[in-house]
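Computed from a predicted structure; not experimentally measured. Side chains included, hydrogens not; waters and symmetry mates left out as well; all remaining heavy atoms used. Chain letters run A, B, ... following the sequence lines, proteins first, then strands; residues in each count from 1.
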Number of protein chains: 4
Amino acid sequence: MSGTLNKVMLIGHLGDEVKMHYFEGGGCIGRFPIATNETYTNKTTGERVTNTDWHNIVVRNKAAEICEKYLSKGDKVYVEGRLKTRQWQGEDGNTRYSTEVQVQDFTFLSTKKESQANAAQTQKPVQPEATGSAGVEKASTAEQEDDLPF
Amino acid sequence: MSGTLNKVMLIGHLGDEVKMHYFEGGGCIGRFPIATNETYTNKTTGERVTNTDWHNIVVRNKAAEICEKYLSKGDKVYVEGRLKTRQWQGEDGNTRYSTEVQVQDFTFLSTKKESQANAAQTQKPVQPEATGSAGVEKASTAEQEDDLPF
Amino acid sequence: MSGTLNKVMLIGHLGDEVKMHYFEGGGCIGRFPIATNETYTNKTTGERVTNTDWHNIVVRNKAAEICEKYLSKGDKVYVEGRLKTRQWQGEDGNTRYSTEVQVQDFTFLSTKKESQANAAQTQKPVQPEATGSAGVEKASTAEQEDDLPF
Amino acid sequence: MSGTLNKVMLIGHLGDEVKMHYFEGGGCIGRFPIATNETYTNKTTGERVTNTDWHNIVVRNKAAEICEKYLSKGDKVYVEGRLKTRQWQGEDGNTRYSTEVQVQDFTFLSTKKESQANAAQTQKPVQPEATGSAGVEKASTAEQEDDLPF
DNA sequence: TTTT
DNA sequence: TTTT
């Protein structure tokens, strides 16, 4: 089987603390939500719109314990893993689905404390403008790829 | 907002045909399910286990039309996009969730016809052993996947 | 230290056979080149241009042996790994650099034999038009994200 | 052509300022180096080893100008793009190669100023231990990385 | 040096 | 509901 790929990569902020569950055999899992944002300009109204997407993150065993120890609500983290949709029978007899990201790798990027320390010291809001740039690039790259001499 | 990343990358087979929906404004979307497989060895029983994960793929506009034209049930495709969980009110008043992959990029990898042509001509089953190889590198993770009750 | 990410993901064709090197301690590595293509339309001339990029792939130990056994020149493969630039002293005293992709995961996608079997049977050239689509999508997605009712 | 994928994703720190080059036609590119780290435990000696990998990043046009405006030496950034190896004739007549990451997307993660503000306020060194965690999941690979002579 |  |  296989010849397939199932990969998710997220950078986002924790929407809540890591919730741990311990199993009898000694294993454990940690769960926490991560928020990612997408921002775009509504073409009709010209206004800037931001959507937040929430992702259910699941970590196991040692990795879970490390996450619980070092991650808190508001922290920014990189998470890499596999998409998995669990299903179960609802009380009304219908099938319910819940999609999770089962973590295979992660890296802590910055704590909420850091961000606040910075916000208190900095005057310019770097992020808002900065990340709008990515979309800009996507368009311009394709168009000009052939006429730049390097 | 932002400073975030929301990326999904899948290689898998279509479980069904591309279903198109056309909107009044001229836009359209196509939807299709993709299956990815993970294989591991149950540490206790020693048996080889395969799980299939299903993903809801959503493509828009021109890309949707190209997918409809060239992709069929059984074909293998690479898909890259964004994770998005829609929610709505169920008839019982509870919130329901559905997670989709909104496609930003894709590449056709092979048609079912190709695979069958090959299967008819080849004697050795290349994939089964071959893709076990990837697991070699990530053995530790895979081995523990079966004894956690969730 | 860390809090960093170094990831490369390639789908391409082998430009040559896997070359193995065995070490005294029992370890081994395999090396092979992979070609990826990018296609775009020259805005000024309107002509379709294709560039090929070559990547030096390095695999270790068991994974290397599996690659040697199952991969041949012309086969298509998915490769995931880490970017690494080695440097050494050239004969003229200058520093030379060589960048490699050190494989962490991979999946065989199709053999050259398959492609040929297919080419012999099929009449329509699926890929050329199909993959041009990806770029199309990148533009259209951003522009219309707000006015589609779903 | 195509049916291929060429993708690089990096999170790292700028090793220098963004260097801009302007072209006659009005286009421009920015270049800067990014450092990523990998850490593993030498299995024989038991000591913790850290390697730094340097990557040549290339950004174009508007994106380049935004990078120049907001990124400084030491800042942490996420960069996504394409691997490209340029080649040229060396003075000795030999072919030289230089591999770059041509940016398609990016996100600013944190400024050096932030990190320092945080370092001044925090007592516990979160990152060093925290990112060791990721290795937990991929231990088998990392452990063997040091005893292969290449 | 690959592939379509 | 796919594929090997």
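Under the 4.0 Å criterion applied to side-chain N and carboxylate O atoms, Arg31(D) and Glu100(D) are assigned as salt-bridge partners. Salt bridge status for Asp53(A) with Lys7(B): absent, with no side-chain N to carboxylate O gap under 4.0 Å. With respect to Asp105(C) and Arg82(A), no salt bridge is recorded, no charged nitrogen being found less than 4.0 Å from a carboxylate O.
No engagement by Gly12(C) is indicated, since no non-hydrogen atom pair under 4.0 Å with the nucleic acid exists. Within the nucleic acid shown, Thr36(B) has no heavy atom closer than 4.0 Å to any nucleic acid atom.
Candidate nucleotides dT2(E), dT3(F), dT1(E) were compared by shortest atom distance to the side chain of Asn37(C), and dT2(E) ranks first. When distances run from any side-chain atom of Lys73(B) to the nucleotides dT3(F), dT2(E), dT2(F), the shortest one goes to dT2(F). Proximity note for Asp16(C) (side chain, C-beta onward) versus dT2(F), dT2(E), dT1(E): the nearest is dT1(E).
Ring-to-base geometry places Trp54(C) in a stacked arrangement with dT1(E) (centre distance under 5.5 Å, plane angle under 30°).
The separation between Leu109(C) atom CG and dT3(E) atom P is 15 Å, rounded to whole Å. As a whole-Å value, the separation of Ile34(C) CD1 from dT1(E) C1' is 12 Å. Taking atom CG of Leu10(C) as the reference point, atom P of dT1(E) lies 21 Å away to the nearest angstrom. Rounded to whole angstrom, the span from the NZ atom of Lys112(C) across to the C1' atom of dT2(E) amounts to 8 Å. Rounded to whole angstrom, the span from the CZ atom of Phe108(C) across to the C1' atom of dT3(E) amounts to 18 Å. Distance Phe32(B) CZ to dT2(F) C1': 12 Å, rounded to the nearest Å. Atom CG in Asn6(A) sits about 15 Å away from atom C1' in dT3(F), given to the nearest Å. The distance between atom CG of Asn51(B) and atom P of dT2(F), rounded to the nearest whole Å, is 16 Å.
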Requested in this report: Apply the test side chain to side chain contact (heavy atoms under 4.5 Å, CB included) to residues Phe106(B) and Glu80(B): give CA-CA distance (whole Å), side-chain angles for both, the deciding distance (0.1 Å), then the verdict.
Outcome: CA-CA 6 Å; Phe106(B) 63 90; Glu80(B) 181 180 332; over 6 Å; no

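Looking at Ile57(C), Leu14(C), Val59(C) one by one, the single match for side-chain contact (heavy atoms from CB on, under 4.5 Å) with Cys67(C) turns out to be Val59(C).
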